[in-house]
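Here is the structure we will look at.
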Amino acid sequence: MPQLHKHLTLVAMRFDSFWVTKQFSNAIFGDMKIDKYPVTIGETSMVFEFVSEGIRGSIPKLVIYSETHLHNFYNLGFGDKDETTGQIDDEVVTNNGDSEKVLATVASTLYIFMDTYPDAMVFATGSTKARTRLYRIGISNNLTEIQKDFDVYGLVGDSWQPFQKQTEFEAFLVIKKKK
């Protein structure tokens with residue numbers, strides 16, 4: 001595995017592209033039987049939009065894969081869509097009662113993104129320790145299915161190690177397996 005830097009300079013993105021709406025079935029995601037929301041895909045397969053439906057109503061969400069200064073290294077950004085700016089708000093706490101479905105939908109975008117960018121390495125971390133823990137739990141709960149298609153690593157200190165359940169990681173790295 002290549003040597004990766006812990007801290008990255010990330011590129012801010014605007015959302016001026018055309019959107020293409022596409023519905024994806026559970027069949028795309030192998031054995032993962034978790035319900036997912038339909039996603040709208042940006043023309044470059046780097047921006048995805050969907051709507052969370054739950055106890056607090058309909059809440060637009062964004063998933064953005066941003067290029068970094070490292071070759072084939074992308075940051076996964078996710079959060080509520082700020083209706084005023086069109087940008088991600090990754091600090092708001094929605095509590096819409098559908099976190100498993102929302103995380104499964106975010107994971108589904110990874111499959112679509114990796115089909116377009118098969119050599120990509122995707123970096124993700126929560127905006128808070130609690131969110132990073134939530135992501136770790138989501139990965140842990142679906143690890144067997146995820147590992148059929150991806151190699152998953154966790155960051156501890158300054159080193160990446162293969163993902164293990166019950167290990168507290170600062171960030172995650174996902175690489176598509178070569179078939």
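Numbers for residues simply follow the sequence, beginning at 1. In this text the structure is predicted, and so the values were computed from the model without any measurement.
Between I88 and F78, every side-chain heavy-atom pair lies at or beyond the 4.5 Å cut-off. By the 4.5 Å heavy-atom criterion applied to side chains, M46 and E67 are counted as neighbours.
Ring-plane geometry between Y111 and F150 is classed as perpendicular, the angle between the planes exceeding 60 degrees on a 0 to 90 degree scale with a lower cut at 30. By the 30° and 60° cut-offs, the orientation of the rings of F163 relative to F172 is tilted. Using a 30° and 60° split on the angle between ring planes, W160 and F123 fall in the perpendicular class, above 60°.
Contact record, T132 with E170: CG2-O, 3.8 Å, taken as the closest heavy-atom pair.
Between the Q87 side chain and the D82 main chain, no donor and acceptor come within less than 3.5 Å of each other. Formation of a donor-acceptor pair under 3.5 Å by the S99 side chain with backbone atoms of N95 is not found in this model. Between the side chain of R131 and the backbone N or O of D90, at least one donor-acceptor pair lies under 3.5 Å. A donor-acceptor contact shorter than 3.5 Å links the side chain of Y37 to the backbone of E53. Of the possible polar contacts, one joining the N96 side chain to the I55 backbone as a donor-acceptor pair under 3.5 Å is found. Using a distance-only test at 3.5 Å, with no hydrogens or angles considered, no donor-acceptor pair links the side chain of S45 to the main chain of T116. Proximity of a side-chain donor or acceptor of N142 to a complementary backbone N or O of G138 within less than 3.5 Å is detected.
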Kindly determine whether K61 and D80 satisfy salt bridge (charged side-chain N to carboxylate O under 4.0 Å, His left out), including the steps that lead there.
-> CA-CA 4 Å; K61 304 279 189 179; D80 288 5; 2.5 Å; yes
For T40 and F50, what are the C-alpha separation, side-chain angles and deciding distance, and is it a side-chain contact (heavy atoms from CB on, under 4.5 Å)?
-> CA-CA 6 Å; T40 302; F50 65 95; over 6 Å; no
Report the C-alpha distance between K101 and D35 in whole Å, list the side-chain angles of each, state the deciding distance to 0.1 Å, and finish with yes or no for salt bridge (charged side-chain N to carboxylate O under 4.0 Å, His left out).
-> CA-CA 6 Å; K101 188 172 182 177; D35 197 20; 3.1 Å; yes
Step by step, work out the salt bridge (charged side-chain N to carboxylate O under 4.0 Å, His left out) result for K81 and D89.
-> CA-CA 6 Å; K81 179 179 180 181; D89 182 347; over 6 Å; no
Under the side-chain hydrogen bond (donor to acceptor under 3.5 Å, both in side chains) criterion, do T109 and Y65 qualify, and how do the steps go?
-> CA-CA 10 Å; T109 69; Y65 294 87; 2.8 Å; yes
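Taking the six-membered ring for Trp and the full ring otherwise, the centers of Y74 and F113 sit less than 6.0 Å from each other.
Between K165 atom NZ and L143 atom CG the span is 6.0 Å, to the nearest 0.5 Å.
Between D119 and K178 there is a salt bridge, since a side-chain N of the basic residue sits under 4.0 Å from a carboxylate O of the acidic one.
S66 and N75 share no donor-acceptor pair across their side chains, judged by distance under 3.5 Å alone. No donor-acceptor contact under 3.5 angstrom links the side chains of E91 and S127, judged on distance only.
Counting non-hydrogen atoms of neighbouring residues, nucleotides and ligands closer than 6.0 angstrom, the CD atom of E168 reaches no more than 12 such neighbours.
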